Amino acid sequence: MFETVIGLEVHVQLNTKTKLFCSCPTSFAEHQNSNTCPTCLALPGALPVVNKEAAIKAMRLGYAINGNVNHSSNFDRKSYFYPDSPSAYQITQLHKAIVQKGEVFIDLKDGMQKRIGMTQAHLEADAGKNIHEGNHSKVDLNRAGTPLLEIVSDPDMRNSDEAVAYLKKLHSTVRYLDISDANMQEGSFRCDVNVSIRPKGQKKFGTRVEIKNINSFKFVAASIAYEVQRQTEAYEDGVYEREVRQETRLWDVDKGVTKSMRGKEEAADYRYFPDPDLRPLIVTEEMIAEAKKMPELPDAKVKRYIMELEIKKDDAMVLCSTKELAYFFEDMLETGASPKNSVNWLNTELLGRLNKVGLNISTSSVSAVKLGELVSKIDDGTINGKGAKDILDILIDNERDIDELIESLGLKQVSDDGAILEIIDKILEANQDKVEQYKSGKDKLFGFFVGQTMKASRGSANPQKVNQLLKERLI
Ligand code: ADP
Ligand code: MG
Ligand code: ZN
């Protein structure tokens, strides 16, 4: 029996206005090489200056994961030659990162939480892009020098579910912190997956391979499954030493396999040394105060929803899984809608309908205020659930006034005792034989009376009222 060991390195592109060491914009540029200057082109004599906003955003993550934020950290040069990096080195933080240690708690399927230790989070500059067209290649340096935060976990995960849960938690956290848009398709949140296996009970770790640059949760799970099988088979066939080497591999999306890319470099291969152009990054009190301005994070939010709003744990976890959903929910509550009905109408009714028409919570055609207004009408008994569903079906396609819809569709619930009693009395009158049977113990007939009354009111009677009044009449 084998145990899987996984550690993840995540590259998050920070959403700063300017690059990490110069004042070039990080925004999209129509023309290649237009967002560049002597510094990010690495022209001789140009000097880098650290971007304070990037440092603050890195620090904010540090505080959020309960890490040590170093008040003085250093930049190092990682030497390698590749056309997308004109300086022939990358500026990164090897020896003393801005954030060291920390922890993230992941939610396991059995409802328990597990602590994943963090090694460090360091700032580094992204490279440019090589563009290959026909038989020639071009270099675009618009991205060169944009700030990345590399977040490195300890090898604490033991299967792909844990790895994916960790990534989802981290993804949602950086979005709550608003330090990155974390768009995976566009590469602002990409990850390197380190995987090894070892016989159960063995202390020493096995040889790890690193699968580079994966940008979807699905591929993370698939590439881990593939590697675990490959490594296990090699072990069982007695060729582990030969087949499983410390190397960098690529995930082949089409074939669903990992492929060897290159032998794993050792730190020495990169000739790391302190960048002589950059002094230590010193953190000021003002930066600390700014970095500690933090929104409520998912774990705290889930707890509060359960304790204060009396929402079920599973529902609270769905709501807090993304900030868009949580903030939508909180905006609904602002309108006075009850938490209990809001959860159901958001998670089930709205999301279900949006999904059908190819929308999501960020592009929702129904605003939080509108849905809150609708839920309030259910809360106070103006309409029943069935009526609200009809209204929501309309609101998905059209911006309409809810009161007008209630009026024109005749959905107003009858909650008035007198009106309902009038119907009840007619029903009981017409079914005296059943009333006798009920009174002599046939309890099941109660449902029959409720059904008849609802039917006679053409669905407009308030069901709670009907229940209550029927009980009183049938004593
Ligand atoms: P590098 O930066 O060269 O890839 P690091 O020492 O920073 O190397 O480790 C990178 C990642 O590999 C970390 O996330 C760590 O948790 C993980 N890791 C280290 N050893 C193992 C192992 N034996 N199996 C799986 N993951 C590992
Ligand atoms: Mg690595
Ligand atoms: Zn520049």
Side-chain angles (χ1 to χ4, degrees), residues 2-11 16-27 29 33-43 46-51 76 78 80 86-87 90-95 97 100-104 116-122 124-128 140-148 150-160 162-163 166-167 170 191-199 202-214 220 223-224 227-228 231 240 244-249 261-270 272:
F2 296 93
E3 178 177 58
T4 304
V5 174
I6 303 163
L8 299 170
E9 297 161 89
V10 176
H11 287 89
T16 55
K17 286 183 278 306
T18 55
K19 293 186 179 179
L20 187 52
F21 298 113
C22 62
S23 53
C24 290
T26 50
S27 54
N33 298 304
S34 57
N35 284 353
T36 55
C37 72
T39 301
C40 55
L41 291 174
L43 301 184
L47 287 174
V49 177
V50 183
N51 179 336
D76 303 286
K78 177 181 183 179
Y80 69 95
S87 56
Q90 178 190 31
I91 305 179
T92 179
Q93 298 191 295
L94 177 70
H95 296 299
Q100 290 173 314
K101 300 267 184 355
E103 59 194 6
V104 164
I116 306 297
M118 308 297 283
T119 314
Q120 67 174 44
H122 57 265
E124 61 185 30
D126 207 349
D140 177 9
L141 295 174
N142 281 340
R143 198 183 65 184
T146 52
L148 297 178
E150 178 170 344
I151 307 169
V152 185
S153 86
D154 293 340
D156 283 354
M157 286 149 276
R158 293 293 173 268
N159 55 54
S160 62
E162 292 184 9
Y166 167 82
L167 285 173
L170 196 61
C191 104
D192 301 342
V193 182
N194 296 271
V195 192
S196 65
I197 60 161
R198 62 179 170 187
Q202 178 183 304
K203 276 242 150 53
K204 202 171 145 274
F205 283 140
T207 305
R208 72 170 155 128
V209 303
E210 180 180 30
I211 315 160
K212 275 272 179 211
N213 260 329
I214 306 190
V220 167
S223 63
I224 292 172
E227 262 312 303
V228 168
Q231 295 179 20
Y240 183 77
V244 181
R245 275 173 299 174
Q246 187 165 329
E247 63 180 355
T248 301
R249 296 177 75 88
M261 182 163 93
R262 56 170 191 252
K264 175 75 193 167
E265 313 73 8
E266 296 295 329
D269 297 330
Y270 287 120
Y272 279 101

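Values reported hereafter were calculated over all heavy atoms of this structure, with side chains retained and with hydrogens, waters and symmetry mates removed. In listed order, ligands and their atoms are each counted from 1. Counting from 1, the numbers follow the sequence of the chain as shown. If you're wondering where the values come from, they're calculated on a predicted model, not measured in any experiment.
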Should one rank [options] by closest heavy-atom distance to [atom], which comes out on top?
| atom | options | result |
| --- | --- | --- |
| atom 8 (O) of ligand 1 | Glu210, Gln246, Arg208, His122 | Arg208 |
| atom 13 (C) of ligand 1 | Ser153, Cys191, Ser196, Gly206 | Ser153 |
| atom 12 (O) of ligand 1 | Asn194, Val10, Ile151, Val193 | Asn194 |

Where ligand 1 meets [X] - atom numbers and elements under 4.0 angstrom, heavy-atom basis:
| X | value |
| --- | --- |
| Val152 | 13 (C), 14 (O) |
| Asp154 | 16 (O) |
| Val5 | 24 (N), 25 (C) |
| Phe205 | 23 (N) |
| Leu8 | 14 (O) |

Backbone N or O of [Y] within a donor-acceptor pair of the [X] side chain at under 3.5 Å?
| X | Y | value |
| --- | --- | --- |
| Asp192 | Asn213 | yes |
| Asp156 | Gly117 | yes |
| Asn35 | Cys24 | no |
| Gln90 | Ala125 | yes |
| Arg158 | Glu3 | no |
| Asp126 | Leu148 | no |

Opening angle between SG in Cys22 and SG in Cys24, taken at the Zn ion (ligand 3), to 10 degrees: 110°
Under 3.5 Å side-chain donor-acceptor pair for Thr119 and Asp154: yes
